[in-house]
K.L.:
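Have a look at the structure that comes next, please.
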Amino acid sequence: MTKSRWKLLLSIFAIFAVLSVAVACGDDDDDGDDDGDTTPAATTAAGSPTTAASPTVAKPTGTITIAGTQFETWDPHFSDFAQDIAHFFMVWRGAYELDLDNKPVPSMAAGAPTVSADGKTYTVKLQSGLKWSDGSPMVAADFVAGIQRTCNPDNAGHYQYILTAIVGCDDYYAATEATPEKKAELLKALGVRAVDDLTVEYKLTDPQVTFPILLALWPTFPVPSKKVATPDAKWPGPLENLYNGPFMPKAYTEKASIELVPNPNWAGKTKVKVEKIVIRYIDDAAVANNAYRAGELDATVANSSELDKLKTEFPKELNLYPATRTIGLEFNLKDSLVGKPEVRLALSQATDRATLNKVVFKDGNTPTTSWVPPVRNGLKGGEYDSILGFNAAKAKENLAKAGYADGKGFPKLTMLLVDSATNKALGQFLQAEWEKHLGIKLELEFTDSKTRSSRFNKGEFQVVTGGWQEDYPDPENWFLGLWETGGSINKTSTSIKALDELIGKAKFNQKDEERRQQYRDAEKLLLTEATGIAPLWHTQAKTLIKPHIKGMVESKRPGDTFVSGDWNPENWSTTKK
Amino acid sequence: MLVYTIRRVLAMIPLLVAVATVTFFLMHTVEGGPFDADKPLSEATRKNLEAKYGLDDSLPVQYVNYIKNLARLDLGISFANDREVRDIIGERMQVSLQLGLAAFAFATVFGLALGMFSSLNQNGMFDYLGVFLATAGAALPSFVLAPLLTIAFAVKFGWFNVLSSDYDLWQWFRLDFSNWRQMVLPTVALGFLPMAYVARITRASMLEVLRQDYIRTARAKGLRERRVVFRHAMKNAMIPVLTVLGPIFAGLITGSFIIETAFVIPGLGREFVRAVLIRDYGLLMGVMVFYAGVIAMMNLVVDLAYAVADPRIRY
């Protein structure tokens with residue numbers, strides 16, 4: 001080959017390389033559009049710090065780096081992803097926030113809400129002098145706008161269903177195809193208004209004693225109206241938005257990390273103690289645990305599959321505590337086989353939950369027969385062990401009652417599972433248990449997560465493993481929409497008349513203890529025949545936290561997503577320089 | 001050659017439309033949609049989401065809309081985070097490209113060197129070492145190699161980082177290599193297999209060329225061995241290597257899900273697999289069309305390179 005040919009060859013490769021670079025690097029921000037969350041790399045902080053007096057005057061020190069998961073959306077009035085919500089609580093707060101006992105306490109509000117005699121009108125007074133992170137005033141209209149966004153059909157907020165008690169919210173949300181005029185009319189009819197700059201009034205269709213809890217949750221967070229003028233306007237990305245929480249983003253690289261610094265205008269009671277929080281986005285817990293070992297992370301979720309090793313490797317840094325998530329066998333009651341109560345009871349009673357937890361989860365969860373975790377229903381746990389718990393003899397007896405003595409003539413039973421190593425172990429365990437105790441064959445069908453969800457949602461399944469992760473800390477969240485006949489997220493076709501009536505009564509009951517007892521009674525009705533679900537375990541939160549960090553374990557909650565205490569990062573501190 | 005190149009570039013248009021069409025309909029035949037979640041959505045929410053993303057239209061209407069937008073180079077938005085797919089691909093590709101270039105350089109330099117030294121020391125110790133490394137590279141999957149490298153060199157010795165997410169292609173142009181501690185392990189993990197491949201091809205090709213008459217003649221003329229190898233043998237031995245370098249380059253710069261997940265690299269490979277798993281139709285379509293374009297372009301580059309490397313080929 002001649003020299004000139006080599007040169008030409010090199011030129012071709014060079015041209016392609018330059019083209020590739022151009023493709024990769026082009027259009028970073030060439031349209032000048034700054035209203036979206038197109039945030040390619042670390043740039044400037046959202047808003048500019050002000051010199052206003054703030055609770056952060058005692059200088060925060062140190063950096064805490066934790067593992068997290070990339071948020072799907074930065075919009076609190078749209079999202080229902082746990083990782084998004086963990087971010088939201090770091091940078092925004094509602095009129096109220098939940099204390100460590102999960103009771104609503106004032107955050108941006110000046111005090112407890114005033115409730116009308118009929119329990120249908122809540123009036124919230126805000127603290128005076130509230131400011132967004134850029135120093136602009138935060139007023140009642142911003143809180144009104146939060147409700148309007150969540151109820152807005154074009155925004156399609158996933159958590160609208162928790163605001164159905166607000167007058168007009170359902171009607172507005174259902175107006176998907178309505179004209180703009182009709183939507184404007186429905187927006188006007190929404191039961192929320194700013195009485196003045198410091199007063200928000202919420203009108204409910206029916207009394208709901210848990211309403212103050214909802215005012216502490218992300219769907220009701222205020223909107224920086226300066227940035228988001230209408231309910232259907234696009235929500236700005238991390239570096240373009242304004243914040244009222246303890247921290248605010250300073251730098252952000254999608255899929256890599258976000259850096260949070262103290263918000264100079266944070267109006268909460270607890271002062272921020274750390275100078276910077278860095279969240280590194282890591283999909284794989286095994287990788288996060290290696291980064292923790294190498295000192296690149298100060299805190300992370302512990303990898304469940306190496307729990308035994310972690311217990312000996314980090315005995316003082318590993319934290320296990322109950323999470324508010326219950327998983328069990330979910331039955332399709334329209335199926336002719338598992339529609340029979342005796343079959344469901346037999347399957348539940350043939351499952352040795354303690355051994356399952358030991359073999360499959362390395363003692364990483366809590367075996368149970370309860371639907372609502374003890375921390376939420378006030379019971380000790382174990383109340384349904386005699387009905388649903390492991391009892392091989394009773395299981396055989398129930399199977400015989402269903403017409404399948406010793407498993408003879410038992411039709412094909414298929415369990416749908418998401419394809420994962422843990423689920424494979426779980427499926428094989430159940431196969432072995434049920435064959436041993438009942439003499440039946442279980443077929444396992446593994447699919448990806450979306451296929452499993454699709455079939456579950458369409459009712460195309462016999463039995464799956466699934467359950468519920470609490471949205472907000474009240475027993476009603478374990479029933480509303482889930483177990484009433486035709487409930488919006490009732491996918492097991494559960495339909496028990498007495499249960500419907502009880503949930504209906506509890507929902508509007510303003511006597512708190514009586515209401516809680518009604519939910520305990522509802523749980524009994526649900527579980528007596530394993531209708532819809534036979535609970536197997538409550539999950540445990542598992543975190544690794546370096547000893548130099550304080551305030552994480554102390555502010556842990558059952559709903560922690562990334563690390564302990566991630567709903568209250570203002571409580572975190574570090575002695576590391 | 002110019003006419004041929006233009007013809008090939010124009011031929012990419014129907015190719016990309018075909019890829020977009022097949023992907024579009026295949027994607028919609030796969031069970032599960034973007035709004036199916038473990039925690040079921042209410043029907044009202046599902047209806048609003050479908051309206052928001054235009055999924056309430058019939059499939060043919062959605063298809064026509066997509067192709068129309070594609071013609072305007074509008075790849076649509078990601079259903080997962082409402083961002084422009086074009087922006088996402090641009091950002092992710094920058095990361096994958098930086099890592100891919102590093103891995104390509106590693107694979108090419110070490111692969112060529114290993115192959116050449118092996119061939120020059122055939123059946124010697126160096127040859128056995130080269131063959132061993134080449135075989136190990138081919139046999140060791142990246143999902144094993146990546147954690148092995150991490151545990152050994154990042155966790156145990158602390159020489160390199162476990163997490164590798166600070167990428168900026170432009171820093172190299174500023175001669176800033178400050179993120180080297182992050183890049184070494186993913187570069188080796190990504191480049192090891194192609195390095196082994198290049199080494200094997202180079203060795204075999206060199207052995208064949210070194211036995212040619214013209215090499216014997218060159219030696220008989222009394223040329224120095226270095227000149228014989230580098231001026232006479234290597235150039236001709238490179239033709240088969242060039243054939244594989246194009247696809248290797250395309251494969252490396254378009255990202256690797258395994259390596260990007262193992263080292264937490266925000267690249268395109270990870271994004272693509274995620275788009276499939278969460279049924280992010282917008283992003284999935286965009287990345288597929290983009291990949292098709294890159295591969296078509298690389299094939300064109302290789303075809304042009306053939307003509308340059310081998311005078312017998314004419315376009």
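Lettering follows sequence order; numbering is per chain, from 1.
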K.L.:
Heavy-atom pairs under 4.5 Å with chain A - which of B:Ser78, B:Gly100, B:Ala44, B:Ala80 has more of them than the others?
P.N.:
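The candidate making the most pairs under 4.5 Å is B:Ala80.
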K.L.:
I'd like to check the side chain to side chain donor-acceptor pair (under 3.5 Å) partners of A:Glu445; sequence neighbours left out, ordered by chain and number.
P.N.:
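A:Glu445 satisfies side chain to side chain donor-acceptor pair (under 3.5 Å) with A:Arg455 once adjacent residues are dropped.
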K.L.:
Would you mind checking which part of B:Ile151 comes under 4.5 Å of any heavy atom in chain A, side chain (CB onward), backbone (N, CA, C, O), both or neither?
P.N.:
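For B:Ile151, side-chain heavy atoms alone lie under 4.5 Å from chain A.
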K.L.:
Name the region of A:Phe456, side chain, backbone, both or neither, that has any atom closer than 4.5 Å to a heavy atom of chain B.
P.N.:
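Contact with chain B: side chain only.
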K.L.:
Heavy-atom distance under 4.5 Å to chain B: side chain of A:Asn290, backbone, both or neither?
P.N.:
both
K.L.:
So what's closer than 4.5 Å to chain B heavy atoms on A:Glu460: side chain, backbone, both or neither?
P.N.:
side chain
K.L.:
Using a cut-off of under 4.5 Å for heavy-atom pairs, which of A:Gln160, A:Gln70, A:Arg280 has the most such pairs with chain B?
P.N.:
A:Arg280
K.L.:
Specify which of A:Asp170, A:Thr451, A:Leu482 makes the most heavy-atom pairs with chain B at under 4.5 Å.
P.N.:
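Greatest number of close heavy-atom pairs with chain B: A:Thr451.
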K.L.:
With chain B as the partner, which of A:Ser488, A:Ala294, A:Pro153, A:Ser79 has the greatest number of non-hydrogen pairs under 4.5 Å?
P.N.:
A:Pro153
K.L.:
Please classify the contact of B:Glu271 with chain A as side chain, backbone, both or neither, using a heavy-atom distance under 4.5 Å.
P.N.:
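Just its side chain gets close to chain A.
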K.L.:
If we count only N and O atoms by modelled type, under 3.5 Å, do the side chains of B:Glu260 and B:Ser96 hold a donor and an acceptor together?
P.N.:
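On atom types as modelled, these side chains qualify, holding a pair under 3.5 Å.
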K.L.:
Please flag which part of A:Phe81 lies under 4.5 Å from any non-hydrogen atom of chain B: side chain, backbone, both or neither.
P.N.:
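The answer is neither part of A:Phe81.
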K.L.:
Can you tell which of B:Gly32, B:Pro40, B:Ala262 has the highest number of heavy-atom pairs within less than 4.5 Å of chain A?
P.N.:
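Going by pairs under 4.5 Å, I would pick B:Pro40.
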K.L.:
Start with the C-alpha distance between B:Asn81 and A:Glu72, add both sets of side-chain angles, then the distance that settles side-chain contact (heavy atoms from CB on, under 4.5 Å), and finish with yes or no.
P.N.:
CA-CA 5 Å; B:Asn81 60 14; A:Glu72 295 286 342; 5.6 Å; no
K.L.:
Using a cut-off of under 4.5 Å for heavy-atom pairs, which of B:Val30, B:Val264, B:Leu163 has the most such pairs with chain A?
P.N.:
B:Leu163
K.L.:
Decide whether A:Thr73 and A:Asp84 meet the rule of one side-chain donor and one side-chain acceptor closer than 3.5 Å.
P.N.:
no
K.L.:
Taking side-chain contact (heavy atoms from CB on, under 4.5 Å) as the test, write out the residues that go with A:Ala256, two or more places apart.
P.N.:
A:Thr253, B:Ser165, B:Pro266
K.L.:
Is any NZ, NE, NH1 or NH2 atom of the basic residue among B:Glu91 and B:Arg83 found under 4.0 Å from an Asp or Glu carboxylate oxygen of the other?
P.N.:
yes
K.L.:
Taking only Lys NZ, Arg NE, NH1 and NH2, and the carboxylate oxygens of Asp or Glu, determine whether A:Asp154 and A:Lys183 approach each other closer than 4.0 Å.
P.N.:
yes
K.L.:
Below 4.5 Å, heavy atoms only, C-beta onward: do B:Phe79 and B:Leu49 meet side chain to side chain?
P.N.:
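Counting from C-beta outward, B:Phe79 and B:Leu49 never come under 4.5 Å.
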K.L.:
For B:Lys156, look at atom NZ and say whether over 12 heavy atoms of other residues, nucleotides or ligands are found less than 6.0 Å away.
P.N.:
no
K.L.:
Would you mind telling me which of A:Asp75, A:Asn490, A:Asn155, A:Leu297 has the largest number of heavy-atom pairs within less than 4.5 Å of chain B?
P.N.:
A:Asn155
K.L.:
If I measure from the heavy atoms of chain A, does B:Pro34 come under 4.5 Å with its side chain, its backbone, both, or neither?
P.N.:
backbone
